[in-house]
Every structure is written in C-alpha cells, then in structure tokens.
Amino acid sequence: MTVYDAIVLAGGAARRLGGADKPGIRVGGRALLDRVLAACAGASTAVVVGGRRPTVRTVTWTREEPQGGGPLAALGAGVRHTEAEWVVVLSADLPFLGPSTVGALLAAAGDGTGDGALCTDRDGRDQPLVAVYRGESLRRELALLATEHGDLSGLPLRLLTNELDLVRVEADPLASFDCDTWEDIASARARIREHGTVLDEWITAVKTELGIELDVDTDVLLDLARDAAHGVARPAAPLTTFLVGYAAAKASADSDGQEAVAEAARKATALALRWADENETQ
C-alpha cells in the first residue's frame, strides 16, 4: 500500500453559491468535506485548508495567507504539514469522489519516475485538484513560483502543473464532478438517489453517522428481510435485521464483525425458511 498524505482545499468564497459554507453543504446526509475525507481515508495525515468544523476523521487545520489567496496559496499552506513521499490534493466539493479514484491516481504515479498523476474529465481537461503529487516536487515548484512572483496569492494552478511531469488518468466521469452552483448541488442530491446507488449511499451515510467501520453485505441482509417478511410477517423484516445486528455486535467482540453479521444472517434466514415451510405444509 502506498503511503500518502492528503491536502483538501476547503476555502474559497463560494460566490456562485451566494457565499454559502460549501464544504458543509450536505449531499446524501453527509457534508461535502466529509465525503472527500472518506475518499482519502487511507492518508497518514489529512490536512484541511479552510475554516475549522467537525469532521468524520481527525485532521490538521491550516489557512492560506492571505485568506482567499487561491488554490496555490492554499497548497503552500497545506504542504508544510505533510511528510509522505506522495501528497493527494483534492478540492472539498467532490460528492462522487471515491477511494477507487484515489487508488488509481496513486497507482499511476507510483508506476513511473515522474512528479505525480492527475485526473482528466470526460472532455480531456486536467483536474489538478483531483491529483497526487510527489511531495518533493510539489514543494520545489511552489517555492520557485513564490520566489518568481513574490508570493502564491492569486496565481493559477496551471503555473504549477505546467512545470511538472504528470500522468493523466481518465477516471470515472463523476469523480471530478464538483459543486459550484445550487444546480450542481441539486443534481448531486438527485443522482445519489438513483435506484442503482441509493442503498450504498444510505448505508455509507448510516455507518458514518453511527461511527461504524464495517463492510456490509447488502444482498445478504436484503435476502434475510425478504425471507422474514414472506415467511413470517411483514413487520418481521426490520425486527429480524435489528436482532441480527445485535447478535453480531455481541459475537464480534471475539471475531470478525463482517463474519459475525454473515453468520447471524444465515441462522435467521434458515429460521425464516423453516417458518415458511411449516405454513406451506399446513
């Protein structure tokens, strides 16, 4: 596993959102910042450049000088708190960014001798805030730019990326979808409620809210709920899944949590099927 630190840029005036606190806006019940922090959960150190707020994980806070000085100034502030060879750099408004994209960037960067890797969107445009940079290269170029221009405030990101040897990674088209307007927020909220993703989104939100780190086999639990509802009675479905969770929690003190859930679900499913068999034989 590649060791890396992460910098999340969570400042900016959010003018197109009327000055709203963009990192704190919720999509699928989770703040945008928390969604991005979950995508880089493997970071040894996560640095957030922006105003302090409650977060799902422990982070190091810092601010760019001057505040509102732009992404390069924010990177300059954040990189001072990193030590790993690789630094993942992300903006805090990426609702669909996932660990798989971060992993793809790290793999692409680690395969070569260059300065890192960045995502490109569906139109082939570089996304320098969905990227991983070699820490040494990032510090060097930021220092050179600060010397050349006096400071980093107001400078465009392309001045950095133009000087670095970066691999382009064509990631999931949604990975670089960012929320700049209320229309973007509405679109993101609607998309996560689509049939194919809503359960995964909901389960992730619940686990985050409850502070649970457990891989859940959704199909097993849904099958259990179906068998309980059909074989016993409809109200048995939620009650049975609750009892399975309670049993798994007790058992997991001495075993793996995922295995405990699976074993409790198998027992409850078998019981529900026995009930159904009795009804059919009457």
**Q** When V8 is tested against each of V59, V36, T55 for side-chain contact (heavy atoms from CB on, under 4.5 Å), which residue passes?
**A** V36
**Q** Give me the other members of the hydrophobic cluster that V220 sits in, counting Ile, Leu, Val, Met, Phe, Trp and Tyr linked by side-chain heavy atoms under 4.5 Å, directly or via other members.
**A** none
**Q** Identify the two heavy atoms, one from R168 and one from D126, that lie closest to each other, and give their separation to 0.1 Å.
**A** NH2-OD2, 2.6 Å
**Q** What is the distance from atom NE2 of H81 to atom OG1 of T45, rounded to the nearest 0.5 Å?
**A** 10.5 Å
**Q** Count I, L, V, M, F, W, Y as connected when their side-chain heavy atoms are under 4.5 Å apart, and connections chain through other members. Are Y4 and V48 then in the same cluster?
**A** yes
**Q** Of all heavy-atom pairs between A228 and A236, which one has the smallest distance, and what is that distance?
**A** O-CB, 3.8 Å
**Q** Tell me, do R140 and D115 make a side-chain contact under 4.5 Å, heavy atoms counted?
**A** yes
**Q** Looking only at heavy atoms, which two atoms of V169 and A117 are closest? And how far apart?
**A** CG2-CB, 4.1 Å
**Q** How many angstroms lie between atom CG of L224 and atom NZ of K267, to the nearest 0.5 angstrom?
**A** 13.5 Å
**Q** Counting only N and O atoms by type, is there a donor-acceptor contact under 3.5 Å from the side chain of T147 to the main-chain atoms of A143?
**A** yes
**Q** Check for me, please, whether L37 and I203 land in the same ILVMFWY cluster - side-chain distances under 4.5 Å, paths through other members count.
**A** no
**Q** Quick check for you: to the nearest 0.5 Å, what is the distance between R52 atom CZ and T62 atom OG1?
**A** 9.0 Å
**Q** Report the residue from V132, L164, V89, T161 that forms a side-chain contact (heavy atoms from CB on, under 4.5 Å) with L118.
**A** T161
**Q** Flag yes if W61 and V49 sit in one hydrophobic cluster, no otherwise; membership is Ile, Leu, Val, Met, Phe, Trp, Tyr, and two members link when side-chain heavy atoms are under 4.5 Å apart.
**A** no
**Q** Taking the side chain as everything from C-beta on, heavy atoms only, tell me whether L160 gets closer than 4.5 Å to L75.
**A** yes
**Q** Given 3.5 Å as the limit, does a donor-acceptor pair link the side chain of R226 with the main chain of L222, or not?
**A** no
**Q** When you group the ILVMFWY residues by side-chain heavy-atom contacts below 4.5 Å and let the links chain together, are V88 and L33 in the same group?
**A** yes
**Q** Minimum heavy-atom separation for E85 to R134, with atom names?
**A** OE2-NH1, 2.7 Å
**Q** How many angstroms lie between CZ in R122 and CG in D172, if you round to the nearest 0.5 Å?
**A** 9.0 Å
**Q** Taking the side chain from D184 and the backbone from T181, do they hold a donor-acceptor pair closer than 3.5 Å?
**A** yes
**Q** Donor-acceptor pair, distance only, cut-off 3.5 Å: does the side chain of R158 make one with the backbone of P128?
**A** no
**Q** Kindly compute the distance separating CG (L105) from CH2 (W86), expressed to the nearest 0.5 Å.
**A** 11.0 Å
**Q** Apart from F177 itself, what residues make up its hydrophobic cluster when side-chain heavy atoms of I, L, V, M, F, W and Y under 4.5 Å apart count as a link, directly or indirectly?
**A** L17, I25, V27, L32, F96, L174, W182, I185, I192
**Q** Holding to salt bridge (Lys or Arg N to Asp or Glu O under 4.0 Å), I want the full list of residues that pass it with D93, two or more places apart in sequence or in another chain.
**A** K22
**Q** Evaluate side-chain contact (heavy atoms from CB on, under 4.5 Å) for D223 paired with T269, printing each intermediate quantity in order.
**A** CA-CA 8 Å; D223 288 345; T269 297; 5.8 Å; no
**Q** How close do S44 and D5 get, counting heavy atoms only, and between which atoms?
**A** CB-OD1, 3.5 Å
**Q** Does L129 belong to the same Ile/Leu/Val/Met/Phe/Trp/Tyr cluster as L94, with side-chain heavy atoms less than 4.5 Å apart forming each link?
**A** no
**Q** Please report the closest heavy-atom contact between C40 and R57, naming both atoms and the distance.
**A** O-NH1, 3.6 Å
**Q** Please assess H149 against L72 for the test side-chain contact (heavy atoms from CB on, under 4.5 Å), listing each intermediate value before the final yes or no.
**A** CA-CA 12 Å; H149 296 274; L72 282 187; over 6 Å; no
**Q** Go through the steps for R53 and D21 under the test side-chain contact (heavy atoms from CB on, under 4.5 Å), then give the verdict.
**A** CA-CA 11 Å; R53 69 191 64 237; D21 174 26; 2.6 Å; yes
**Q** Hey, are R35 and E201 close enough for a salt bridge, meaning a charged N less than 4.0 Å from a carboxylate O?
**A** yes
**Q** Is any side-chain heavy atom of E163 closer than 4.5 Å to a side-chain heavy atom of L145?
**A** no
**Q** side-chain contact (heavy atoms from CB on, under 4.5 Å) for R30 and T204? Distances and angles first, verdict last.
**A** CA-CA 9 Å; R30 294 189 290 158; T204 299; 3.5 Å; yes
**Q** Could you check whether any side-chain heavy atom of L221 comes within less than 4.5 Å of a side-chain heavy atom of V261, counting everything from C-beta outward?
**A** yes
**Q** Hey, does the side chain of D123 reach the backbone of R125 with a donor-acceptor pair shorter than 3.5 angstrom?
**A** no
